[in-house]
Every structure is written in C-alpha cells, then in structure tokens.
Amino acid sequence: METQAFTIYNTLTRKKEVFEPINPPHVGMYVCGPTVYGDAHLGHARPAITFDILFRYLQHLGYKVRYVRNITDVGHLVNDADHGDDKIAKKALLEQLEPMEIVQMYTNRYHRDMDMLNVQRPNIEPHASGHIIEQMELVQKILDSGFAYEKNGSVYFNVKAYAEKFPYGELSGRNYEELLENTRTLAGQEEKQNSADFALWKKAAPEHIMRWPSKWSDGFPGWHMECSAMGKKYLGERFDIHGGGMDLIFPHHESEIAQSKAANNGQEPVKYWMHNNMITINGQKMGKSLGNFITLEDMFAGNSELLEKAYSPINIRFFMLQAHYRSPLDFSNEALQAADKGLKKLLNAAETLQTLQANAAESDADIEAWKTNCYNAINDDLNTPILIAQLFDAVKIINSVSEGKMQLKEDDLKLLQSTFNAFVFDVLGLEKEISDNKSDHLIQGLMELVLDMRMNARKNKDWPASDAIRNKLKELNITVKDGKEGSNWEIS
RNA sequence: GGUCACGUGGCCGAGUGGUUAGGCAGAGGUCUGCAAAACCUUGUACGGCGGUUCGAAUCCGUUCGUGACCUCCA
C-alpha cells in the first residue's frame, strides 16, 4: 500500500492540492493571530490548534518551518459604538490604562491559554504596532502604483481601479459589481470614492490615543495592512501558507491579496490559503459580537452557566481534533464529555504501550499497513478524525497484546511504539495531564497510606473496612480503581 | 436580497458510486469478595421528492431546513 502525498485544501483554488513548498526544505507560514483587547475564547482555540497541527506535522515531515502569527494591537475600527474608535484605545479609556498595558495583559493571557492547550508558540510573533513603518511603506507603494488615493489625511484602496487590472474577489468568490450593490452603507464613509474601497491609512480623531505621524496625517494603518506588511517582511513577497478563520476570508484576506498584488505588480503573495471553520454554540457561531462565547479560562475552570463541569485544556484540544478543521463544530457538554472519555482511553493505551513486550516471531496485526493508514489520514488535508480513528484501531491492538490475546514481533512493536507516540504526542500534541492535586506530595503520601490500609483490610477479607474506606473516598470525589497490581486512584 | 456551505444512527462526528469509520451512550460478556475501573463483542444511518446508473447515503435536478460571509470577529 502506497502512502499518499500530503495534500491541503486551498481556499484560493477550492481544491485539495499536493503540498509543495516554494523553497524546500523551508516552509513559510503566516496565521492571523488575536486582537488583544479581550480574553481568548473557545473560538480562538480552533485556528490556534488547527495550525498548530499543521506546524507540528510539517516539522514531523522534516521541513524547516518559519511560523509567523501576529498580534493585532492597533487599527481595528469598531462600529458598535461611536465610530472611529480603535478597539484597543477604547478599552484603555474605559479601564484607565495605557493602551500598551492592555495589549501586554491580554497578550500574556493569550499565551497562558495557548500554552495550556499545548499549542506551540510561533517562531515570530510580530505586533502590528511594532511595524508601522513597514505598513506606511506599503501604503506608499500602493499609492505609487495608482491603486489608492488620499482624502482628508486618510488613504483608501481603489477597488475599482484594481478590479480593472486584476481579478478582485478571487479568494472569496465575489465580484466587484456585486460588491457595489451589496455593501452596506456605514457611517463615516463619505470620504470613499466607492463603498467597496477600504482604508489603508486612517486619520485619527482627536480623542484617538493610538496614533502615529505620517505624511498623510497623524493616524493609524488600516486593519488589513498589518498582515500584508508583516507577512512580506518575515516570509517574503511570496510564501507558502496563509491561515486563519473562515470569517476572515472576506474582507480581510481578500484585501490582503489586493494590497500585496497592487504593491507588487500582481504577484500572488500566498501559494496556499487555509481556513478553519467556526465553533458554534446551539448551532450559531460563537463570537464576541454575539456575546455567546465562553473564554478558555472559564472552560478550564468550569466557570459558566453553559458548562456542566470544567474541561481540561487537553480535553478541549482532543474535542476539536475529533472534527475536521473545515467543518463547523458545535459546542456541547455531552460532546466534550464523550471526548474526555475517549481521550483517557487513548492515553491509557499509550501508557500500556510503553510496557508491552514483543512476544512472537510473527505478528497478528499488519503494523506497516496501519502506519500507512495513519499517514494517509493526516496527509488528506489534515484529517485528524480519521487519524484518531486509526489510533483507536491501534488501541485495540495494544490492549489485546497486553492481555495476551494477540502477539507482535519485535520490529512491529517498535514500529507501533514509534508511530503511535509520534502521532499522539508530537503531531496531535496530546499529553497526559498531571493534576496539581495528584502531584502534591502530601496528598500523594496520604493516599498511599490510606490505600495501604485498605489493601491490608482486603487481604484479611475485612470487606466492611475496605468498603468503608472506598465509600468515604468516593464522598471526597476520589475514585479507587482496583487492579491486579494493586489499587489506583483518581480525582473526578 | 446576493454569494457559499451543510443536513449521517440516542449524541458527537468522518467518509464514500458497490466493501467496518471512530468516539460517547445503550446491550451482552471477561476480570473482581462486591462495586467501580479496565478490556472484549455488538445493534440502529445517511432531510423529502424526482432523475442518471447494473447499483446512490455518495452524482444531477428540485424542495424543505440550518448556518456562514456580505460590518469588527478565529
């Protein structure tokens, strides 16, 4: 059986394509990061985990990856309040803090949450505010090429002029005429020649705190500028992969393409565009503006009316990986709890696998074929649900060998171990959680003592005593699990 | 209104023109002093209606339903 080539779905071509880096063995990948004006919620975990899998798998394949994920800390305009406020600045005024203090605080908290989800940090995490010069240069380049115009200190992208020369809407499948008919009329757009035009540089209102001097005005760059400027700076005029949530396809990524092509003679900036689908709750997108989001901090702590219990970071990670990244995933307590049980089963098998002994000259299972199945699964546009199904097949083999119902020869056992570990830990990034309580020395010692006492009672067939201990522990949410080699315990 | 997705068994969720997805729950069993845990086995399915085909849940048409984007959003 042949292993299939690694393919990924390219939003630009609407097809799965074989992945071929522009400059192997190097791979440049850029993913839109968070706007740091609030805590990360479950929705933010999806792209972080999706592209973490991609990052990990590319490394597993031996590529030298430069992964860039930005921090947006300027330039988002809000329309839910007085128009023209910068989100960051608005929150700063509200809480009487320096804007950069807000940025730092939420950046720290974002890192904390992502670390808990076992999401590897990118190689470069550039801040938009640290790349104002680069963004201004890009604005100037677009002006020079004739695809932008200045009005009252602001600079706008001329979509009409661009659409005459290049296909506008190639990523989102929109066309220019249609956009003109359907773009909603928003306040503060009188300066634009056309409703479809978007800001490259925005003159700051007097009350606007975050501002930079430029030849056009004291102001700030338009939202789409940062990704174009920073992607170009760190990955080049043309790089391999650009990722983000589906909701960013239009207008953000479409505008990015337009900006980059306008500044660079029509050169496509990105070879593969990848987009993860949304997390929904009761079938509706989880989002800031809808107010139906659950922050990751609350998920981990069980701190929400929507939650029946706390869900561990790895539980959440596994839950997401059981769905394909391009499918919507609906949040529910049942699904999270089901995932938790499955995850435990998988990780227990991983533990068992380490102790397994090769015990035969011939194997009862075709480990080579199984390995090929694993690679074919992930090579098919990161199909983690299929990969996980394959891993559960391995769980069956592992448990059967462990129980003496199946046999493996030395080579196959080694292959099973290395492949299983590589996928579970390196690629999927799952890890056994060490409960803080459980690692506490005092509790550890006390539990040992208690279980020893119970063990003695059991040896003497003193069932009332042994059951009393078990019941008392159960009241404390500690479950005792009796095995052949003694008893184990777990806090539930 | 425009553009684009999706509709799978009790739940979550893959996939596919003919061959077991997987997980959870349920059922049966093994183990155990009992229980729990663990492990093994296992049933139920592809929104409705037409069409193409030897054969469709899978392709086409149509209809109903849901969602996303068109505005900041992961």
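We find that CZ of A:Phe250 is positioned 12 Å from C1' of B:G2, with the value rounded to whole Å. Note: NE2 (A:His253) to P (B:A68) measures 19 Å, nearest angstrom. In this structure, A:Leu391 atom CG and B:A14 atom C1' are separated by 14 Å, rounded to whole Å. In this structure, A:His224 atom NE2 and B:C72 atom C1' are separated by 10 Å, rounded to whole Å. Between the CG atom of A:Asp482 and the P atom of B:U30 there is a distance of 19 Å, rounded to whole Å. Computed from coordinates, the A:Asn277 CG to B:C6 C1' distance equals 9 Å when rounded to whole Å. Between A:Leu321 atom CG and B:C12 atom P the separation is 19 Å, expressed in whole Å. One interatomic measurement links the two molecules: CD of A:Glu403 to C1' of B:A37, which rounds to 13 Å at whole-angstrom precision.
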Let me have the donor-acceptor pairs involving side chains of residues 110-128 of chain A, under 3.5 Å, with sequence neighbours excluded, atom names and distances please.
{"residue": "A:His111", "atom": "NE2", "partner": "A:Glu125", "partner atom": "OE1", "Å": "2.6"}
{"residue": "A:His111", "atom": "NE2", "partner": "A:Glu125", "partner atom": "OE2", "Å": "3.2"}
{"residue": "A:Asp115", "atom": "OD1", "partner": "A:Arg121", "partner atom": "NE", "Å": "3.2"}
{"residue": "A:Asp115", "atom": "OD2", "partner": "A:Arg121", "partner atom": "NH2", "Å": "2.7"}
{"residue": "A:Asn118", "atom": "ND2", "partner": "A:Gly429", "partner atom": "O", "Å": "2.8"}
{"residue": "A:Gln120", "atom": "OE1", "partner": "A:Gln59", "partner atom": "NE2", "Å": "3.3"}
{"residue": "A:Asn123", "atom": "OD1", "partner": "A:Tyr67", "partner atom": "N", "Å": "2.7"}
{"residue": "A:Glu125", "atom": "OE2", "partner": "A:Arg69", "partner atom": "NH2", "Å": "3.2"}
{"residue": "A:His127", "atom": "ND1", "partner": "A:Asp73", "partner atom": "OD2", "Å": "3.0"}

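Residues A:Gln284 and A:Ala323 both approach RNA chain B. Their nearest nucleotides, taken by heavy-atom distance, put A:Ala323 toward the 5′ side. Each of A:Gln390 and A:Leu248 has a nearest nucleotide on RNA chain B; the 5'-most of these lies closest to A:Gln390.
A stacking contact links A:Trp463 to B:G33: the aromatic ring centre lies within less than 5.5 Å of the base's six-membered ring centre, and the planes differ by less than 30°.
With a 4.5 Å cut-off on side-chain heavy atoms, A:Met274 and A:Met29 do not count as touching.
Separating the P atom of B:G22 from that of B:A35 is a span of 30 Å, rounded to the nearest Å. Taking atom P on both B:G18 and B:A57, the two are 11 Å apart, rounded to the nearest angstrom. Across B:C11 and B:A45, the matching P atoms stand 13 Å from one another, rounded to whole Å. Taking atom P in both B:C59 and B:U8, one finds a spacing of 15 Å when rounded to whole Å. Taking atom P in both B:G55 and B:A38, one finds a spacing of 48 Å when rounded to whole Å.
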- Bracket string, RNA chain B, 5' to 3' - pairs by Watson-Crick or G-U geometry under 3.5 Å, | interstrand: (((((((..(((.....[...))).(((((.......)))))....(((((..]....))))))))))))....
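Taking only side-chain nitrogens and oxygens, A:Thr35 comes nearer than 4.0 Å to OP1 or OP2 of B:A74.
The cationic atom of A:Arg174 (NZ for Lys, CZ for Arg) does not lie both less than 6.0 Å from the six-membered ring centre of A:Tyr168 and within 45° of the ring axis.
A heavy atom lying under 4.0 Å from RNA chain B marks the following residues of residues 377-388 of chain A, by number: A:Asn383, A:Pro385, A:Ile386.
Residues A:Glu254 and A:His224 have side chains that never bring a donor and an acceptor to within less than 3.5 angstrom of each other.
Ring geometry for A:Tyr57 versus A:Phe6: interplanar angle over 60°, hence perpendicular rather than tilted (30 to 60°).
Salt bridge annotation for A:Asp364-A:Lys405: absent, with no cationic side-chain nitrogen under 4.0 angstrom from a carboxylate oxygen.
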